[in-house]
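The chains referred to below are lettered A, B, ... by the order of the sequence lines, with proteins before strands, and numbering in each begins at 1. In this text the structure is predicted, and so the values were computed from the model without any measurement.
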Protein chains: 2
Amino acid sequence: MDKSAPRRITIVDVARHAQVSTTTVSKVLRNAYGASPAMRAKVRRSIDELGYRPSAAARGLRGQTYTIGVMLPELRNLFFADILDGITAQLAGTDYQVLLAPGCNGEKAEARVIEAMIDRSMDGLVLIAPVSAKSRLNTVARGVPTVVVGRHGPSTTYDTVTDDDVAGAALVVDHLADLGHRRIAHIEHHETDPVRLREMPNAQRANGYREAMRARGLGDEIDVASTTYTQQGGYLGAKALLARPVRPTAIFAGADVVALGALEALADAGLSVPGDISVAGYDNSALAAFGPISLTSVDQDGREMGANAARLLVDRIAERDRRTTHVKLTPTLVVRRTTAAI
Amino acid sequence: MDKSAPRRITIVDVARHAQVSTTTVSKVLRNAYGASPAMRAKVRRSIDELGYRPSAAARGLRGQTYTIGVMLPELRNLFFADILDGITAQLAGTDYQVLLAPGCNGEKAEARVIEAMIDRSMDGLVLIAPVSAKSRLNTVARGVPTVVVGRHGPSTTYDTVTDDDVAGAALVVDHLADLGHRRIAHIEHHETDPVRLREMPNAQRANGYREAMRARGLGDEIDVASTTYTQQGGYLGAKALLARPVRPTAIFAGADVVALGALEALADAGLSVPGDISVAGYDNSALAAFGPISLTSVDQDGREMGANAARLLVDRIAERDRRTTHVKLTPTLVVRRTTAAI
DNA sequence: TTGAAAGCGCTAACAG
DNA sequence: CTGTTAGCGCTTTCAA
């Protein structure tokens, strides 16, 4: 077993082998203008014969690295995985490679990861549900093409892709109201920061819930338990709601995990779903679809969001001064077995 | 809003600001030998004042990129996420940044991703459950420090971290046998390739099952349904087993998803678990732990595996010609509510 | 211990 | 259309 890895083939080797200049090889690599078909063919042949692969590090020093960085708060969230699928699908066939950083929950970790990606000369960034301050996002986006996914509020420095959370919440409220429910409660993720209150999906869902309730003439029935978007948050939220003088007949949880926790609390209380009480979630994760759970939930089509994000990013890399665009997709409701007529 | 991103601070700026040579700055950056404490302090101050960040691309051209690439077949697999947690936890506090590539299932995608990582001058690679040919892995490992996780079979070019799948299978068989079961069937992932038959965890589990059955004097009861490690595979496998002249009293599924599919098939057949039949899985994923499912399963401690992998990799980066080491961890059985005495 | 200078592999600007 | 040349920002000899 020979230890010495043979010296890596470089652009110079290819140029020599093909009897052309390195410039020409470079042009072929980048599909750039200014090389005759004959030259191209010759260079391509040499590349294949020598098994040449351009060094991204070296390219990055002058031009692009053909690398796109994706930051997402939590790998275990299946919705984020869908977004990622959309991104990679959209980028398949291009020269771009997607790389992602694991576990970036919290403003600090987020900052570190974004720095790391900039240090590595990534051509563009997709930030999924970032929690950083807006000014920080703007600074980042001014330095490198950036698309923000899942955070509302337009920007003039980065493109955004969001799902209409207000509409999503309305879907749930309307569905439950159509089933005859009036006392429809909501479990939200507690938020105080004014910017986030405007931009984060959880806040939008809570707003959407309130709006929709009023629109249905149920303004007096508005009842919100403010916890967190975790299973435990759902459990505690449901407990709190069950302790009300008049118990709600339906719970709209702001996320599927929250609904899961709520289901647990209801089971503990000896209540049947949807017999005694209806429950709906948000995200239509695999958990919601899973047979024994079968949770009514709002579907966001993460793949579509990811594909849009990738498209916007590639466009912006090509034309950095382009005006920003903001894509807002419309969610749908997937009715399953946790909601029923009162 | 000013458009022009200010020119990035370089090592030259720092050198000028600190009134030293770029060489000295470089030494400080790398904690390399040959700079006095006074110099170090001065340089560090300038770095902070200027907000300097070294460019990984430029560093990579001569030295390291301080980037470690992780390849894993499937982001949605929670066990892999645990491994990742272990890797990042172990690497926290070092200068290394972990980056991973999404969706590398299949030999072709795997090859593409590995190439991409090599192109980007990653300092080291962690390959989780790779399916590539062994010769390919050796070639890769000869070029860049590599640790292979979750694939048996020692190598002289790369380190490995595995869990003892044979022992894990035995845990399940012994548990079920202790409960009085004799007709214990197994659903395996079909495998024909001789190398994989020796190296892949699924094959090891099937072997472990057979061995343990014989060790308990149940050699005649060995019954294997050969499908795939998917939910559907579990469904079909269980269907097949239920069609036997004498139905098994317990099913050992090679993975939790498989067990899930099996549970579905049993429900379809009107059988109760564990009343009519016991079911055990493998991986102890979040799904297994989830209350309503509560699946008895083998736990592999992915975090520990990841931490080991990271440690080995960092060691090998520091000393490339070190002899390879092979870490084999021992699984444990988590008994839940899908297994009971016959 | 410190620094000057020569690349690493590639792309961009410019000449021919 | 093709080639020459000068860097990109860093690390690494090698002298001082």
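One finds a side-chain N or O of S36(A) lying less than 4.0 angstrom from the OP1 or OP2 phosphate oxygen of dT2(D). Look at Y52(B) and you won't find any side-chain N or O under 4.0 angstrom from OP1 or OP2 of dG9(D). For dG9(C), the OP1/OP2 oxygens have no side-chain nitrogen or oxygen of T10(A) closer than 4.0 Å.
Under the 4.5 Å side-chain criterion, counting only non-hydrogen atoms from C-beta, M305(B) is in contact with D163(B). Counting heavy atoms from C-beta outward, V131(B) and E110(B) have side chains that approach closer than 4.5 Å.
The distance from atom CD1 of I9(A) to atom P of dC8(C) is 15 Å, rounded to the nearest whole Å. Here the P atom of nucleotide dA4(C) and the CD1 atom of I11(B) are 13 Å apart, to the nearest Å. If you take CD1 of I118(B) and P of dG9(C), they are 16 Å apart, rounded to a whole angstrom. Between the NZ atom of K42(B) and the C1' atom of dT1(C) there is a distance of 12 Å, given to the nearest Å. Rounded to an integer number of Å, the gap from NZ of K27(A) to C1' of dA13(C) is 11 Å. For the pair R59(A) CZ and dC10(D) C1', the interatomic distance rounds to 20 Å; values are reported in whole Å. Regarding D123(B), its CG atom lies at a distance of 12 Å from the P atom of dT11(D), rounded to whole Å. If you take CZ of R30(B) and C1' of dT12(D), they are 8 Å apart, rounded to a whole angstrom.
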Distances under 3.5 Å between protein N/O atoms and the N/O atoms of nucleotides 4-7 of chain D, please, pair by pair.
residue : atom : partner : partner atom : Å
dT4(D)  : O4   : T23(A)  : OG1          : 2.5
dG7(D)  : N2   : R62(A)  : NE           : 2.9
dG7(D)  : N3   : R62(A)  : NE           : 3.3

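When each of dT11(D), dT1(C), dG9(C) is scored by its nearest atom to the side-chain atoms of L29(B), the top-ranked nucleotide is dT11(D). Distance from the side chain of Y33(A) is smallest for dC1(D) among the nucleotides dC1(D), dT11(C), dC10(C).
For the residue pair S155(A) and T157(A), a side-chain donor N or O sits within less than 3.5 Å of a side-chain acceptor on the partner.
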